[in-house]
Every structure is written in structure tokens, then in C-alpha cells.
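Take a look at the structure set out below.
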There are 2 protein chains.
Amino acid sequence: MKKQDTTEEKIIAAAKKVFIAKGMMGARMQDIADEAGINKAMLHYYFRNKEKLFDKIFTEAFLSFWPKINDLLDADINLFQKIESFCHSYIDVLIENPYVPIFVLNELNRQPAVFIQKIFTSGPPKVGKLLRQIEADVKADKIKAISPVQLFINMVSMCVFPFVGKPMLQAAFGMNDLQFRKMVELRKTEIPRFIIDSISK
Amino acid sequence: MKKQDTTEEKIIAAAKKVFIAKGMMGARMQDIADEAGINKAMLHYYFRNKEKLFDKIFTEAFLSFWPKINDLLDADINLFQKIESFCHSYIDVLIENPYVPIFVLNELNRQPAVFIQKIFTSGPPKVGKLLRQIEADVKADKIKAISPVQLFINMVSMCVFPFVGKPMLQAAFGMNDLQFRKMVELRKTEIPRFIIDSISK
DNA sequence: GTCTATAACTCGATAGAC
DNA sequence: GTCTATCGAGTTATAGAC
């Protein structure tokens, strides 16, 4: 929590909470005003309209993890280390922001073009180096033959999916919130191990 | 396409398309009426209100894959065969219904309790046998030690995630629709191979 | 900057003719 | 069963006082 607690900051905090919980279409300006403890008119005074406010929140949510993840992919470390650090850091970020993935994926599917445009202007994916590392290690016979793209998708899938499927997984396996949390924590080391076991010769 | 093309069927087809594309909150009754080429009042004549219409569509979408997947998990085949058949069949279903996962996950996160209730009444997850198979194979030293739950989550994650993250993956790797399709097709065999490589001794 | 009041509009739902 | 017309609730957005 910041010392500075201006109206604008209160609005952003409230809007973040409401938009992430209900999505662009489900959220009501009144909900956000209530959450912020201010008047509805203030929202328009500061952000003009709902669309602009949403855009602000979405961009902020997206930037809360994208640059960090992106830099990890571009780091100068060997493949196994990179897989470990990526999974560890990514899951840490997701634990801190468990509802962001479904929020982002939802918007991604609602307006793919707008979304992609936003990503590429705010720093395009730096996945190239990782793909080349995988390819090089395959050629050097350090790991089994595998498509770099497939491997990358496997890694991201295993990190992200549990967060978007949480209620279903909890129901299927009878996990309460604490147990779910423990299970996800474990994945920080289990996913790298699973991947490395698979590709090691 | 059926020969029988009653108004009710036209409504259901239109509602499915619109709801899956825009979700419960984003969809408009007018959109559905337009898509069906009929009048808005007809929607209420046949389904009373939006909620009931949505429920119909959601249940139908959910049942379009749930029972099939569920039965696969419960089949009497060995572990490796089960992993192969599950990934193959699941991805086949997903290719046929690529927008269903984000639709379902969205609803899942919007109203977890309602959703879970619905699942359990329409046939609870039959994941038990698979988990016991994994456990048994670990004990019998047929595969490496791994948590059955973690392994299951890995498998489902790798199958489903590409479909919810499609636009992002296409952008990141510069894939057009055909290339994406090929990539996903490949995963029907790549995911089982990846998993089996990982857990084999 | 902040509030109250209300305009302007969207959308689900209904009435009633045919 | 199907349509047109319209109501009424709920929401975004604005006007205007303080």
C-alpha cells in the first residue's frame, strides 16, 4: 500500500478488482464507484468513459507480468536453467495474480486484433533466443529431438492452465484453497523436472 | 446439417454461436435473433428468458465433450495407452469445438459454485481410476515417481491451453490458421510422447 | 474536485394484432 | 407461431450546483 492515496489511485485499485473479477462486460461503473467509496461521476471525470478505464486496467494488468516473463526468455543462461527460472518466476507471478490469466485470455479472445496490437507495441515477445537454444541443444545432441515451439507451448501450458481451471481442478480432486496453493507451489519445481526428464538423453 | 430446420433449432444454433463468441454477459438477445434470422420476441416465446436460453446452450456445449472425455479416463486399458487415447480424442474434440474451452472456463470462473453443481449432477469426474493406475505403476517401478494429480494436470494443461491461448501463440510464432491447425494436430502424438518420455524409466 | 440529479440510451421482456 | 410496437429496468454519461 502506498502512502499517497489519491482519488485516481482509489479508482484504479477498485477498477482493477472489479474488472478482473467480472470482465469488461460484466463490470458495472456503479460497482467500481462503490468499491472505491466514491461517486460514479468521478469515474467519468478522471477517465472519461468505461472503455478508457478498462483499457487502463487491462494494460496495467498485462504489463504486471509481460515484461518480466519476456526478459526471462531472453536471458543469457543455459536451457535447463532457463526452464527452471521461467517456471519458477512465472508461477510466482501467477500466485500473486491468480485471476489475471483468465481476465487476459478472455480479452484476448474477445478482441484478438486489438490485443495483439497492444502486445507488440508494448514489447514484442522475445521468444526467439529460447527457440534457438532448444534447436542448438537438439543439434548438439544434448537433448532429444523436439520441436522448439511444441516444447515452449508445453511449458507455458503447464504453468498457466491450473490457474484458469482452478475451480474445476479443486472440484475434481477435492482440494480446498490451501491444498490448491500447495499443489501450485510444488509445480514451480515439478514442471521443470517433468520437462527435463522428458528431453534429457 | 439436419433436414428438420425448425425455429427452435435455428434459435439454438444461433444462440450457440453468439454465446460462445461473446459469453453470457457480452451476448445480446438481438444478436441472437439476427443470427437466427427471426424476431427477438421468438426467443422469449421459446425459452422464456436469456438465462434459460444460456443455460440450455451451456449445458449442451459442456455435454458435447464431458461424457466422452470422462469415459476415456475410466477405460480398462494400460496407462500409456490411456494417455495416448486421451490426448488424441480430447484434441480431436477441441479441434471440432475450438471456442468451447474459453467459453466454459469463463463461465466456470464467473459462477464456480453453479458450474460445479452442474458438472457433478451431469456425471462427476471419473478420474479415480487413472490416478490409481499411475500410483500402481509408480509402486511397481514401471514409471518414475510422480504425483498422479500433477501428472494429470500436466496432461490436461498441454491439451487445452493452446486453444484458449490461440491468438497469442499465433502472434508470437507468426502462425496463420492453417499452421496453427497443423501444430495442434501434431500435439495429438507429441504430448503423449513428451509425457511418456518424461515418466519412463 | 466532488457531489446530486437527470438525461440519453441499451436491452431484456411483454402486450397484443394477425 | 410470428410479428410490430413499446414498456420499464438498469447503465453509461453529462449538467450544473457547490
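Labels below follow one simple rule: chain letters A, B, ... track the order of the sequence lines, proteins then strands, and each chain is numbered from 1.
Backbone-only contact: B/Met29 has heavy atoms under 4.0 Å from sugar-phosphate atoms and none from a base. Within the 4.0 angstrom heavy-atom criterion, no nucleotide atom of any strand lies near B/Phe47. Counting any heavy atom pair closer than 4.0 Å across all strands shown, B/Ala33 reaches no nucleic acid atom. In this structure, A/Asn49 reaches the sugar-phosphate backbone alone: every heavy-atom distance under 4.0 Å involves primed, P, OP1 or OP2 atoms, never a base.
Taking the six-membered ring wherever Trp is involved, the centroid distance between the rings of B/Phe173 and A/Phe152 falls below 6.0 Å. Between B/Tyr99 and B/Phe163, the distance from one ring center to the other does not fall under 6.0 angstrom.
Side chain of A/His44, nearest nucleotide from D/dC3, C/dT2, D/dA13: D/dA13. For A/Met42, whose side chain is taken as the heavy atoms from C-beta onward, the closest listed nucleotide among C/dT4, D/dG1, C/dT2 is C/dT2. Nearest to the side-chain atoms of A/Ile38 among the listed nucleotides C/dC3, C/dG1, D/dT4 stands C/dC3.
Judged by distance alone, the side chain of B/Glu84 and the main-chain N or O of B/Pro192 form no donor-acceptor pair under 3.5 Å.
In this structure, A/Ile11 atom CD1 and C/dC3 atom C1' are separated by 13 Å, rounded to whole Å. Rounding to whole angstrom units, NZ of residue B/Lys40 and P of D/dG1 are separated by 21 Å. In this structure, CZ of A/Phe54 is placed 14 Å from P of D/dT12, rounded to the nearest angstrom. Protein atom CG of A/Asn39 is 11 Å distant from nucleotide atom P of C/dA5, rounded to whole Å. In this structure, B/Lys50 atom NZ and C/dA13 atom P are separated by 8 Å, rounded to whole Å. In this entry the distance linking CD of B/Gln30 with P of C/dC9 reads 18 Å, nearest Å. The NZ atom of A/Lys10 sits 13 Å away from the P atom of C/dG1 (whole-angstrom rounding). In this structure, CG of A/Asp5 is placed 15 Å from P of C/dG1, rounded to the nearest angstrom.
Only one option out of B/Arg187, B/Lys182, B/Lys188 pairs with B/Glu185 in a side chain to side chain donor-acceptor pair (under 3.5 Å); it is B/Lys188.
A pairwise comparison of heavy atoms in B/Gln150 and A/Met183 identifies NE2-O, 3.1 Å as the closest pair.
Regarding contacts with the backbone of C/dG12, a side-chain N or O of B/Arg28 is found under 4.0 angstrom from either OP1 or OP2. Between A/Tyr45 and C/dC3 there is no side-chain N or O to OP1 or OP2 distance below 4.0 Å. An OP1 or OP2 oxygen of C/dT2 is reached within less than 4.0 angstrom by a side-chain nitrogen or oxygen of A/Thr7.
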